[in-house]
Amino acid sequence: MIEQTAISISTPDGQMPAFLFAPTTTEPKPGILLLMEIFGITAHLQDVATRIAQAGYVVMTPDLYYRVPHTRFGYDEVEQATAMMWQLDFGQSIEQDIQAAIAALKAQVHPNRIGVTGFCLGGGLSFLTACKFSSEIAAVAPFYGMVLDEWIESVKDITVPVYLFFGGQDPFIPRDRIQQVASRFQELGKIHQLKIYPDAGHGFFCNERSDYNPLAAEDAWRELTRFFQKHL
C-alpha cells in the first residue's frame, strides 16, 4: 500500500509544492528524489513515483514550476512546455530548489540513502544534482537529460555512482554529445554506467508519449531498480 501526501517545501523564493509517495511501514526507508519532465507533475510522473515506492522507497516529486502555480502540460503541448522550461533559472535558483528538496526528503528517510532520478528536464537536473550535491546523496540515474557544457566540466565534482540512460534515436541529444559525456566520466575515472537503447527516441520510458519503447522501458526499469538496490 502506497500513501500519497501533498507537502510544501520552503525555498528562498517561496513555498514549492511536492508529493511524497511512501510505503505504509514504519521502519526507515531509503529515499528517491524524482525530478519532473518539462511537462510538470503529470499523471505519468506520479505513476512512476508510485512504482518506485512499491519497490521500497519514499519518493518525492517537487514542482519546479512553482513560481508559476498550477503549471502542467499535456504531452502534445511540447512547444508550450519547452518555453516554460527555458524560463527556469538553471543557476542559483534551481540549485536552491533542488537543495531544499533534498533537505526535505532527508527529514522523511534514512538520510545517507538518497538517490536521484528524472526524465527529460528531470534527467538533466539529476545530472546537475550529481555535480553540485554529491555530498548530500548516494546515487544518481538520469534518463535522456540534456547536459549543459558547464555541467560536463563539473563532472570532476561528482563522487557518487551515476547510471545514464539514453535513446540512440533521440533528436535532442546526438550521439556525439553522449560520447562527450561518456569520455568525460571515463577520463576522470568516475564510477558510472551508460546505456544507449539504439532504437529508442526521446521519452522512450513514458507510455503516454509517441516515443514510448516498451522493450527499452522494461529493460531500463530493471536496470534502474537494480542500481538503486545496489547503492541505497
Side-chain angles (χ1 to χ4, degrees), residues 3-23 27-38 40-41 45-46 48-53 55-67 85 88-143 145 147-148 150-151 154-164 190-192 224-225 227-232:
E3 289 184 349
Q4 179 178 337
T5 309
I7 64 170
S8 187
I9 301 169
S10 294
T11 80
D13 289 339
Q15 296 297 309
M16 178 168 62
F19 289 107
L20 270 180
F21 299 78
E27 73 263 19
K29 295 284 186 186
I32 301 291
L33 181 61
L34 175 60
L35 298 174
M36 66 189 206
E37 303 165 290
I38 63 171
I41 306 295
L45 191 80
Q46 294 179 66
V48 173
T50 300
R51 290 175 65 192
I52 296 174
Y57 302 91
V58 175
V59 184
M60 177 184 285
T61 59
D63 182 0
L64 300 171
Y65 288 159
Y66 69 95
R67 294 173 183 84
M85 175 190 71
L88 292 174
D89 169 12
F90 288 101
Q92 184 179 34
S93 292
I94 203 74
E95 289 176 25
Q96 289 176 335
D97 291 346
I98 292 170
Q99 192 166 29
I102 292 170
L105 181 56
K106 278 192 172 188
Q108 304 284 339
V109 300
H110 194 299
N112 297 322
R113 295 163 63 193
I114 290 180
V116 184
T117 190
F119 304 85
C120 181
L121 166 64
L125 294 179
S126 298
F127 193 102
L128 173 65
T129 304
C131 294
K132 298 294 182 180
F133 302 113
S134 275
S135 63
E136 301 290 316
I137 57 179
V140 178
F143 278 75
V147 179
L148 303 183
E150 56 264 37
W151 301 352
S154 295
V155 169
K156 66 182 187 301
D157 300 320
I158 296 177
T159 59
V160 297
V162 177
Y163 199 149
L164 302 120
K190 299 296 181 179
I191 301 172
H192 75 287
L224 178 70
T225 51
F227 176 72
F228 281 144
Q229 187 174 29
K230 177 179 179 180
H231 295 291
L232 303 182

Testing the basics here: between [X] and [Y], what is the closest heavy-atom pair and its distance to 0.1 Å?
X	Y	result
Met60	Ala101	SD-O, 3.5 Å
Val59	Ile52	CG2-CG2, 3.6 Å
Pro161	Ala138	CD-O, 3.3 Å
Thr61	Ala49	CG2-CB, 4.0 Å
Ala53	Pro23	O-CG, 3.4 Å
Met36	Pro62	SD-O, 4.0 Å

Taking side chain to side chain donor-acceptor pair (under 3.5 Å) as the definition, give me every residue that meets it alongside [X], ordered by chain and number, with sequence neighbours left out.
X	value
Asp89	Ser93
Gln46	Gln4
Thr5	none
Tyr65	none

Minimum side-chain heavy-atom gap [X]-[Y] below 4.5 Å:
X	Y	value
Leu148	Leu128	no
Val109	Tyr57	no
Val160	Val116	no
Arg67	Asp97	yes
Leu20	Val58	yes
Ile102	Leu105	no
Val162	Pro142	yes
Phe21	Leu34	no

For [X], what residues pass the salt bridge (Lys or Arg N to Asp or Glu O under 4.0 Å) criterion, not counting sequence neighbours?
X	result
Arg51	none
Asp157	none
Lys29	Glu27

Check ring-ring contact (aromatic ring centres under 6.0 Å, His included) between Tyr163 and all other residues, then give those that pass, not counting sequence neighbours. Phe165, Phe227
When you look at Leu164 and Phe127, which way does the side-chain contact (heavy atoms from CB on, under 4.5 Å) test go after all the steps? CA-CA 9 Å; Leu164 302 120; Phe127 193 102; 3.7 Å; yes
Of all pairs that satisfy salt bridge (Lys or Arg N to Asp or Glu O under 4.0 Å), the ones with a partner from residues 119-128, not counting sequence neighbours: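 Non-adjacent pairs meeting salt bridge (Lys or Arg N to Asp or Glu O under 4.0 Å): zero.
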Leu125/Leu64 under side-chain contact (heavy atoms from CB on, under 4.5 Å): CA gap, chis, key distance, verdict: CA-CA 11 Å; Leu125 294 179; Leu64 300 171; 3.5 Å; yes
Could you walk me through whether Val48 and Thr117 pass the side-chain contact (heavy atoms from CB on, under 4.5 Å) check? CA-CA 11 Å; Val48 173; Thr117 190; over 6 Å; no
Any residue meeting side-chain contact (heavy atoms from CB on, under 4.5 Å) with Ala100, in chain and number order, not counting sequence neighbours: Ile9, Thr11
Test of understanding: with side-chain contact (heavy atoms from CB on, under 4.5 Å), list the residues that count as partners of Gln92, not counting sequence neighbours. Gln96
Keeping to residues at least two apart or across chains, list the side-chain hydrogen bond (donor to acceptor under 3.5 Å, both in side chains) pairs with something in residues 103-114.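 For residues 103-114: Lys106-Glu136.
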Candidate pair Ile98 and Lys132, rule side-chain contact (heavy atoms from CB on, under 4.5 Å), full reasoning: CA-CA 10 Å; Ile98 292 170; Lys132 298 294 182 180; over 6 Å; no
Between [atom1] on residue [X] and [atom2] on residue [Y], distance to nearest 0.5 Å:
X	Y	atom1	atom2	answer
Ser10	Gln15	OG	CD	3.5 Å
Ile114	Phe133	CD1	CZ	12.5 Å
Ile94	Gln99	CD1	CD	12.5 Å

